Number of protein chains: 2
Amino acid sequence: MAMSDTLKAISDPVRRQILNLLKEEPKPAGAIAAQFDLTAATVSYHLKLLKQAHLITERREKNFIYYDLNASVFEEVLSWIYSLGIGADSHDKN
Amino acid sequence: MAMSDTLKAISDPVRRQILNLLKEEPKPAGAIAAQFDLTAATVSYHLKLLKQAHLITERREKNFIYYDLNASVFEEVLSWIYSLGIGADSHDKN
DNA sequence: TTTCTAGTTAGACGTTTGTCTAAATAGAAG
DNA sequence: CTTCTATTTAGACAAACGTCTAACTAGAAA
């Protein structure tokens with residue numbers, strides 16, 4: 001179930017771009033929405049799906065809701081991809 | 001465009017299972033379809049999407065069409081995931 | 001050439017998805 | 001308390017998706 005949710009979540013380009021935006025630091029919903037030619041409601045819908053997939057977490061501060069990336073859920077996806085036998089390229093952290 | 005196609009393709013559980021089936025060796029469409037409670041037409045539809053995403057290749061032999069896994073297209077996906085800053089776990093080939 | 005076999009293509013149909021507008025909520029500020 | 005700000009929720013809707021049945025195609029076999 002978990003991996004299915006993760007892959008469904010990142011199958012949409014808007015949601016992938018949201019993750020890219022959160023790579024550096026947490027951002028409030030408004031700042032995220034400002035990067036797209038979409039209504040705040042639509043971006044909120046995408047944030048909800050990312051949250052349900054545990055790819056982001058939220059934290060309230062003043063009037064703002066900050067969203068933060070949680071890339072750890074990708075572990076399962078990586079394991080699956082590698083189980084298929086990936087090419088000889090190196091994607092490790094060294 | 002390429003990564004989008006890849007992620008869209010693997011967002012469906014049937015298509016992921018097809019890739020799992022092809023991990024060991026190429027298989028004809030009929031043998032693949034036999035693993036699912038779906039019509040041959042439906043499985044053919046999934047094979048077409050996987051083929052368009054270059055996740056599989058096909059080769060005709062006698063009356064059969066053999067499908068073979070091409071996991072190399074995952075490279076781009078892996079690069080993106082790692083660019084998000086993944087956890088400390090090791091997924092390399094050593 | 002006719003027929004059989006493996007698989008695809010076409011068309012229909014219900015479900016899911018992504019988007020919008022309008023209304024609602026939570027909390028900050030006055 | 002009232003109002004303003006940031007964001008979500010509800011409802012509607014078109015487009016995309018996954019599935020089926022029926023018809024078609026490519027090639028093997030007889």
Side-chain angles (χ1 to χ4, degrees), chain A residues 1-22 25-70 73 77, chain B residues 1-22 25-70 73 77:
Chain A
M1 209 72 221
M3 185 167 70
S4 207
D5 288 346
T6 306
L7 292 175
K8 213 80 165 295
I10 65 173
S11 73
D12 182 88
V14 170
R15 291 193 288 270
R16 285 198 302 277
Q17 188 54 38
I18 290 175
L19 297 182
N20 287 340
L21 289 172
L22 297 179
E25 64 201 344
K27 287 187 175 60
I32 297 169
Q35 305 297 312
F36 297 93
D37 193 17
L38 296 170
T39 64
T42 296
V43 173
S44 183
Y45 159 78
H46 287 299
L47 290 170
K48 183 176 66 178
L49 293 194
L50 288 171
K51 193 169 32 171
Q52 285 171 353
H54 304 104
L55 278 161
I56 58 174
T57 57
E58 71 178 16
R59 160 181 62 91
R60 201 165 195 122
E61 185 167 326
K62 289 190 61 181
N63 242 3
F64 303 83
I65 301 180
Y66 282 81
Y67 286 96
D68 196 359
L69 177 64
N70 174 32
V73 297
V77 174
Chain B
M1 210 74 221
M3 185 167 70
S4 208
D5 288 346
T6 307
L7 292 176
K8 211 78 166 297
I10 65 173
S11 72
D12 182 88
V14 170
R15 290 193 289 269
R16 285 198 302 278
Q17 189 54 38
I18 291 175
L19 297 182
N20 286 340
L21 289 172
L22 297 178
E25 65 201 343
K27 288 188 175 61
I32 297 169
Q35 305 297 312
F36 297 94
D37 194 16
L38 295 170
T39 64
T42 296
V43 173
S44 183
Y45 159 79
H46 287 298
L47 290 170
K48 183 176 65 178
L49 294 194
L50 288 170
K51 193 169 32 172
Q52 286 172 352
H54 305 105
L55 277 161
I56 59 174
T57 57
E58 71 176 18
R59 160 181 63 90
R60 203 167 190 118
E61 185 166 327
K62 290 190 60 178
N63 244 2
F64 304 83
I65 300 180
Y66 282 80
Y67 286 96
D68 197 359
L69 177 63
N70 173 33
V73 296
V77 174

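Because the structure is predicted, anything quoted here is derived from the model rather than measured. Letters A, B, ... are given to chains in the order of the sequence lines, protein chains preceding strands, and every chain is numbered from 1.
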Query raised in the report: Where the side chain of B:Lys8 is concerned, which of D:dC17, D:dT8, C:dT8 is the nearest nucleotide?
Result: D:dC17
Requested in this report: Kindly point out which of C:dT19, C:dT9, D:dC20 is positioned nearest to the side chain of A:Leu38?
Outcome: C:dT19
Report task. Please determine if a side-chain N or O atom of B:Tyr67 lies less than 4.0 Å away from the OP1 or OP2 oxygen of C:dA6. Result -> no
Query raised in the report: Taking only N and O in the side chain of B:His46, is any of them less than 4.0 Å away from OP1 or OP2 of D:dT19?
Result: yes
Report task. Choose from D:dG27, C:dA26, D:dT7 the nucleotide whose nearest atom is closest to any side-chain atom of A:Pro28. Result -> D:dT7
Requested in this report: From the options D:dC20, C:dA22, C:dG7, select the nucleotide whose nearest atom is closest to the side chain of A:Ala41.
Outcome: C:dA22
Query raised in the report: Of the nucleotides D:dG27, D:dT8, D:dC20, which one has an atom closest to the side chain of B:Arg60?
Result: D:dG27
Query raised in the report: Between C:dG27, D:dG18, C:dG18, which nucleotide has the shortest distance from any of its atoms to the side chain of B:Tyr45?
Result: D:dG18
Query raised in the report: Nearest-Å distance, CZ (A:Arg59) to P (C:dG27)?
Result: 15 Å
Query raised in the report: Does a side-chain N or O from A:Thr39 land closer than 4.0 Å to OP1 or OP2 of C:dT19, or not?
Result: no
Query raised in the report: Between B:Tyr66 (OH) and C:dT8 (P), how many Å, whole number?
Result: 14 Å
Query raised in the report: Taking the side chain of A:Ile65 as heavy atoms from C-beta outward, which of C:dG18, C:dG7, D:dT7 is closest to it?
Result: D:dT7
Query raised in the report: Hey, mind stepping through A:Arg16 and B:Ser4 against side chain to side chain donor-acceptor pair (under 3.5 Å) and telling me if it holds?
Result: CA-CA 10 Å; A:Arg16 285 198 302 277; B:Ser4 208; 3.2 Å; yes
Query - Heavy atoms from other residues, nucleotides or ligands near NZ of B:Lys8 exceed 12 (cutoff 6.0 Å) - result: no
Requested in this report: Kindly compute the distance separating CZ (B:Phe64) from CZ (B:Arg59), expressed to the nearest 0.5 Å.
Outcome: 12.0 Å
**Report entry** Nearest-angstrom distance from the residue atom NZ of A:Lys48 to P of D:dA6
**Finding:** 22 Å
**Report entry** Below 4.0 Å: OP1/OP2 of C:dC20 and any side-chain N or O of A:Thr42
**Finding:** yes
Query raised in the report: Can you find a side chain N or O atom of B:Lys62 that sits less than 4.0 Å from OP1 or OP2 on D:dA26?
Result: no
**Report entry** Spacing of A:Glu58 atom CD relative to C:dA26 atom P, expressed in whole Å
**Finding:** 13 Å
Query raised in the report: Atom OH in A:Tyr67, atom CD1 in A:Ile32: separation rounded to 0.5 Å?
Result: 7.5 Å
Query raised in the report: Out of D:dT7, C:dA28, C:dT9, which has the shortest distance to the side chain of B:Ser44?
Result: C:dT9
Query raised in the report: Rounded to whole angstroms, how far apart are CD1 on B:Ile18 and C1' on D:dT19?
Result: 14 Å
Report task. Measure the spacing between CG of B:Leu49 and CG of B:Asp5 and express it to the nearest 0.5 Å. Result -> 9.5 Å
Report task. Return the 5'-most residue of the pair B:Ala29, A:Ser11 with respect to DNA chain C, ranking by each residue's nearest nucleotide. Result -> B:Ala29
